[in-house]
Amino acid sequence: MRKLTAAKVAALLVASAVLTGCAAGEPRDLSPMVTAEPPMPANATINPKIEAPGGGEDDCGDPTVSLKPQGTAIPPGSTMDKIRKRKKLVVGVDQNTFLFGFRNPTTGQLEGFDIDIAKAIAVKLLGHPSAAQFRAITSQQRIDALKNGKVDIVVRTMTINCERRKDIEFSSVYYVAGQRVLVKKTSDYDSLKDLGGKRVCATSGSTSLRNIAQSPAKPIPVAVDNWSDCLVMMQQGQVEAISTDDTILAGMAQQDPTLKVVGERFTEEPYGIGIPKENKDMVRYVNAVLDEIRGGEWQKSYNKWLKPVLGSDSPPKPKYR
Ligand code: GLU
């Protein structure tokens with residue numbers, strides 16, 4: 001048998017102290033591990049107060065009827081002329097919604113269906129897609145950004161409705177989405193009806209949040225700034241479901257294959273480009289550009305981003321007044 005020298009014993013004691021993290025002879029800390037509750041995203045609010053729509057919600061008739069295009073000529077002094085002189089079209093977009101407006105991590109560029117539509121307008125007006133200067137805004141910021149002149153147009157999964165038409169103008173419809181529900185693949189939920197008393201996430205200022213709050217099943221609405229916040233809360237187990245346009249949900253289901261979109265569409269969300277109320281000339285101009293890209297560039301962009309997840313589709317027919 002080999003003899004342990006005093007030096008070897010001392011070395012072993014030091015090694016065991018290092019391994020156990022305490023000096024020989026001291027009691028070891030055996031307190032139980034504490035699992036911290038993950039923090040909620042900034043500004044997340046459970047059961048927020050949601051303002052009822054101001055009076056006269058439905059008094060504008062069909063809100064999707066837009067101003068008739070009058071070609072793409074640019075009269076001196078027009079809104080388009082001012083944008084041309086400035087050489088930049090400032091566009092409010094989303095940067096967190098996969099397939100519509102998101103930053104591609106490999107290129108660092110904003111990409112998606114909404115981004116393509118915005119670029120088509122920049123190309124027509126200023127000759128180059130890079131003339132579109134993108135400003136990332138939340139659902140809640142869309143109307144104020146237009147009213148305060150922070151952006152020329154908003155291309156951001158924005159539903160046209162009478163309430164919003166009181167504050168801003170809209171282009172003709174460029175896509176029609178519908179609200180559905182996103183849940184864990186392992187869950188049994190089939191629709192909002194199954195989510196009474198459960199937390200369901202949507203962004204502040206979206207039509208989706210109000211629809212959740214008004215659901216007779218009484219789910220608990222959870223309001224956040226960005227759709228990506230909803231996805232994080234879902235993954236952290238802080239909400240049971242996300243409910244918004246099928247377009248946005250399809251992107252999230254792509255990003256996280258443990259999630260599934262369920263139930264039928266229970267609303268109609270016609271997307272339009274938001275434009276300041278006073279810039280009627282710009283509404284007609286944007287409608288002329290949309291007319292030009294329907295069928296061609298629209299289809300190319302749709303097929304690239306949305307056809308794989310939403311199936312074949314064609315551009316909606318514009319309605320004019
Ligand atoms: N289309 C809905 C809306 O405009 C939800 C999408 C969103 O807010 O990004 O409110």
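Each ligand, and each atom within it, is numbered from 1 in the order the structure gives.
Although no hydrogens or angles enter the test, the distance criterion places a donor-acceptor pair under 3.5 Å between the side chain of R284 and the main chain of K68. A donor-acceptor pair under 3.5 Å is formed between the side chain of R199 and the backbone N or O of Q238.
Within ligand 1, the atoms closer than 4.0 Å to a non-hydrogen atom of M158 are 4 (O), numbered from 1 in the order shown. Shown in contact with S208 at under 4.0 Å from a heavy atom are these atoms of ligand 1, numbered in order with element: 5 (C). The ligand atoms of ligand 1 that sit less than 4.0 angstrom from a heavy atom of Y271 are 1 (N). With ligand atoms numbered from 1 in the order given, ligand 1 contributes 1 (N), 2 (C), 3 (C), 4 (O) to contacts under 4.0 Å with heavy atoms of T159. Listed by number with element, the atoms of ligand 1 under 4.0 Å from a non-hydrogen atom of I248 are 6 (C), 9 (O).
Contacts between S206 and ligand 1 below 4.0 angstrom, taking non-hydrogen atoms only, involve backbone and side chain alike. The residue T97 has no part lying near ligand 1, judged by heavy-atom distances below 4.0 Å. Contacts between Q179 and ligand 1 below 4.0 angstrom, taking non-hydrogen atoms only, are absent altogether. Looking at R164 against ligand 1, only its side chain comes within 4.0 Å, counting heavy atoms.
Between Y175 and Y271, the ring planes lie tilted relative to each other; the angle falls in the 30° to 60° range.
For atom 9 (O) of ligand 1, the nearest non-hydrogen atom from the set D245, L209, T207, T157 belongs to T157.
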Please lay out, stage by stage, how W305 and F102 fare under the test ring pair (Phe, Tyr, Trp, His ring centres under 6.0 Å).
-> CA-CA 12 Å; W305 297 112; F102 70 99; 5.6 Å; yes
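Contact check for F98 versus W227: no side-chain heavy atoms found under the 4.5 Å cut-off.
Scanning the protein heavy atoms around atom 8 (O) of ligand 1, the nearest turns out to be S139 OG, 2.8 Å.
Counting heavy atoms of neighbouring residues, nucleotides and ligands inside a 6.0 Å radius, atom CD of Q236 exceeds 12 of them.
Judged as a disulfide (SG to SG under 2.5 Å), the pairs with a partner in residues 165-251 (not counting sequence neighbours) are, in order, C201-C230.
One finds a salt bridge joining D291 and R294 here, because a Lys/Arg side-chain nitrogen approaches an Asp/Glu carboxylate oxygen to under 4.0 Å.
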